Amino acid sequence: MKPAPFEYHRPVSLAETFDLLDRYGDGGRILAGGQSLVPTLNMRLVTPRAVIDINRLPGLDAIRITPEGLIIGALARHEALEHSALVREHAPLIAAAMPHVGHEAIRTRGTVGGSLALADPAAELPACAVALDAVIGLTSRRGRRDVPAADFFQGIYTTALEPGEIVTDLTVPRATGGWRSGFEELARRHGDFALAGLAARIRIEGGVILEARLVFFGVGTRPVRTQAGETALTGGGASEDRVPGARHALQNDIDPPADIHGSSALRRHLAGVLLARVVGTLVEASA
Ligand SMILES: Cc1cc2nc3c(=O)[nH]c(=O)nc-3n(C[C@H](O)[C@H](O)[C@H](O)COP(=O)(O)OP(=O)(O)OC[C@H]3O[C@@H](n4cnc5c(N)ncnc54)[C@H](O)[C@@H]3O)c2cc1C
């Protein structure tokens, strides 16, 4: 199929982008990497009046370190994150996750802003953003607001973005000492969306996990942080001994959907497997 006719605009400034968003309202669609938008246009699942291509907005692809943390521009490609020394140093969780996003050709075009705005519950980057306590920068004609990733993702393909706003950046706070991160996912084939995945961080001292962030993807309508699992994992005793309890507690926090790729029970099981595997590796590495 071919897309329904639409007007095409390629603004070169944020002001021009906001003019276009005002002009077309609900009928305007931002185009970034196009890896998700273009197939839905071609299948006529979306039929916007205008496509607003933001690829020429200057500076939005920058990755830089500041006193607040690592700031990743919305137009930074998945591939740039995968190979960035700054990302490896300041957000190793994201560097570890990126090779799992689709295939190389997709990663050379897909962007940070597109992935966050799309809010696919099986996507890697949203889960990493929540696990890292990252903040998503949204900009509109009204100004800028910073939304914690934990509040940004609201449901399947649903976010806190309001009309006229675009994602402009992602800020990962500077890591304090003692935190280690781990990432793993299970998919039928490499490059497929995950059946279940885990973006995790733990703060461990002397073999005891003091704090944890466990954020699953592919098991709910958005990234799912398991506070029951985190509580069971932390607070005294050898870390290895706490994993079975955390694995059990996790089940209270997830209610995975069933689809043609896997049942709810399979995804529950996989989430437990991932928890044991990722935390086990992190604990071992810290010894
Ligand atoms: C075969 C295949 C496999 C894939 N596998 C994976 C995978 O395993 N994991 C994964 O995470 N992704 C996967 N993807 C999706 C891919 O990563 C997309 O690139 C990404 O999700 C969207 O980014 P994009 O820049 O291409 O956005 P686009 O397709 O350009 O846009 C996606 C949506 O976000 C909106 N948007 C884009 N940028 C902004 C912005 N800055 N502000 C506001 N709204 C914006 C658009 O209007 C559109 O609604 C796959 C895609 C394909 C085709």
Side-chain angles (χ1 to χ4, degrees), residues 3 6 8-11 14 17-18 20-21 24-43 45-57 59-62 72-82 94 96-129 136-140 144-145 147 152-153 156-170 183-197 199 217-218 222-223 261:
F6 56 81
Y8 173 76
H9 295 275
R10 195 159 55 183
L14 279 175
T17 307
F18 300 143
L20 290 162
L21 287 171
Y24 292 102
D26 280 354
R29 268 300 175 118
I30 298 289
L31 171 75
Q35 298 304 295
S36 299
L37 183 63
V38 171
T40 54
L41 285 172
N42 287 343
M43 288 185 275
L45 294 171
V46 291
T47 53
R49 272 172 61 213
V51 167
I52 303 165
D53 178 348
I54 60 170
N55 281 280
R56 292 228 173 143
L57 293 186
L60 269 195
D61 59 350
I72 304 172
L75 284 177
R77 312 280 165 187
H78 300 313
E79 195 200 32
L81 268 56
E82 190 178 343
I94 293 179
M98 284 304 101
H100 296 274
V101 176
H103 307 280
E104 197 171 351
I106 291 159
R107 298 197 292 274
T108 59
R109 294 300 303 162
T111 65
V112 166
S115 182
L116 298 173
L118 185 67
D120 189 311
E124 290 81 0
L125 189 61
C128 292
I136 297 171
L138 307 179
T139 308
S140 70
R144 176 191 169 92
R145 63 189 183 112
V147 178
F152 181 75
F153 303 104
I156 301 179
Y157 305 125
T158 310
T159 69
L161 266 168
E162 286 177 0
E165 276 182 332
I166 67 167
V167 175
T168 42
D169 48 71
L170 175 74
F183 181 94
E184 220 176 293
E185 70 175 48
L186 295 162
R188 292 206 183 272
R189 294 170 307 185
H190 184 86
D192 283 2
F193 275 102
L195 284 167
F217 54 99
R222 54 186 175 150
H261 304 295

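Values in this document were obtained by computation on a predicted structure and should not be read as measured data. We count ligands from 1, going down the list as the structure has it; atoms in each ligand are counted the same way.
The backbone N or O of A32 sits less than 3.5 Å from a side-chain atom of N55, completing a donor-acceptor pair. Between the side chain of E165 and the main chain of P163, no donor-acceptor pair closer than 3.5 Å is present. Using a distance-only test at 3.5 Å, with no hydrogens or angles considered, no donor-acceptor pair links the side chain of T139 to the main chain of T168.
With respect to atom 42 (N) of ligand 1, the closest heavy atom belonging to the protein is V167 N, 2.9 Å. Considering only non-hydrogen protein atoms, atom 6 (C) of ligand 1 sits nearest to F193 CZ, 3.4 Å. Distance from atom 28 (P) of ligand 1 to its nearest protein heavy atom, with residue and atom name: G34 N, 3.4 Å. Summary of contacts: the protein heavy atom closest to atom 26 (O) of ligand 1 is Q35 N, 2.8 Å. Ranking protein heavy atoms by distance to atom 9 (N) of ligand 1, first place goes to E124 OE1, 2.7 Å. When only non-hydrogen protein atoms are considered, atom 46 (C) of ligand 1 lies nearest to I30 O, 3.0 Å. Of all protein heavy atoms, the one closest to atom 44 (N) of ligand 1 is A117 CB, 3.3 Å. The closest protein non-hydrogen atom to atom 33 (C) of ligand 1 is L118 CD1, 4.1 Å.
The side-chain hydrogen bond (donor to acceptor under 3.5 Å, both in side chains) pairs that include a residue from residues 99-118 are E82-R107, where partners are two or more places apart or lie in different chains.
Taking only nitrogen or oxygen atoms, main chain and side chain alike, V101 does not reach within less than 3.5 Å of ligand 1. Not a single N or O atom of I106, backbone or side chain, sits closer than 3.5 Å to an N or O atom of ligand 1. Below 3.5 Å of separation, one finds an N or O of L37 facing an N or O of ligand 1. The shortest N or O to N or O distance between A122 and ligand 1 is not under 3.5 Å.
Annotation for ligand 1: atoms under 4.0 Å from non-hydrogen atoms of G110 are 19 (O), 25 (O), 26 (O). Those atoms of ligand 1 with a heavy atom of H100 less than 4.0 angstrom away are 8 (O). Listed by atom number, the atoms of ligand 1 under 4.0 Å from H78 heavy atoms are 17 (O), 19 (O). Interface atoms of ligand 1 facing G33, defined by a heavy-atom separation under 4.0 Å, are 24 (P), 25 (O), 26 (O), 27 (O), 30 (O). If you number the atoms of ligand 1 from 1 as listed, the ones under 4.0 Å from a heavy atom of A123 come out as 11 (O). Of all atoms in ligand 1, numbered sequentially from 1 with element shown, those under 4.0 Å from a heavy atom of I166 are 42 (N), 43 (C). The atoms of ligand 1 that sit less than 4.0 Å from any heavy atom of S36 are 15 (C), 18 (C), 20 (C), 21 (O), 22 (C), 26 (O), 29 (O). Close approach of ligand 1 to R29 (heavy-atom distance below 4.0 Å) involves ligand atoms 47 (O), 49 (O).
Within the structure, the closest approach of L125 to ligand 1 does not fall below 4.0 Å when heavy atoms are considered.
More than 12 heavy atoms of other shown residues, nucleotides or ligands fall within 6.0 angstrom of atom CZ in R77. Around the CZ atom of R145, the shell of radius 6.0 Å holds more than 12 heavy atoms that belong to other residues, nucleotides or ligands.
When all heavy atoms of H9 and A50 are compared, the closest pair comes out as CD2-CB, 4.1 Å.
Considering CD of E124 and CD of E185, their distance stands at 4.5 Å, rounded to 0.5 Å. Atoms OG and CG, on S140 and L161 in that order, are 10.0 Å from each other to the nearest 0.5 Å.
The nearest non-hydrogen atom to atom 22 (C) of ligand 1, considering only A127, G114, P39, A105, comes from G114. Ranked by closest heavy atom to atom 7 (C) of ligand 1, the top entry among A74, A119, G102 is G102.
Looking at heavy atoms from C-beta onward, I30 lies in side-chain contact with T17 at the 4.5 angstrom threshold. The side-chain heavy atoms of L138 and E162, taken from C-beta on, include no pair separated by under 4.5 Å. Counting heavy atoms from C-beta outward, L125 and V101 have side chains that stay 4.5 Å or more apart.
Residue contacts with ligand 1, taken as heavy atom pairs separated by less than 4.0 Å, involve T111 via backbone and side-chain atoms alike. Contact annotation for I54 and ligand 1: only side-chain heavy atoms (C-beta onward) come within less than 4.0 Å of the ligand.
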Dump the intermediate steps for side chain to side chain contact (heavy atoms under 4.5 Å, CB included) on I72 and D169, then the final yes or no. CA-CA 5 Å; I72 304 172; D169 48 71; over 6 Å; no
Under the ring pair (Phe, Tyr, Trp, His ring centres under 6.0 Å) rule, what do F153 and F217 come out as? Steps first, then yes or no, please. CA-CA 12 Å; F153 303 104; F217 54 99; over 10 Å; no
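For R222, there are no side chain to side chain donor-acceptor pair (under 3.5 Å) partners, not counting sequence neighbours.
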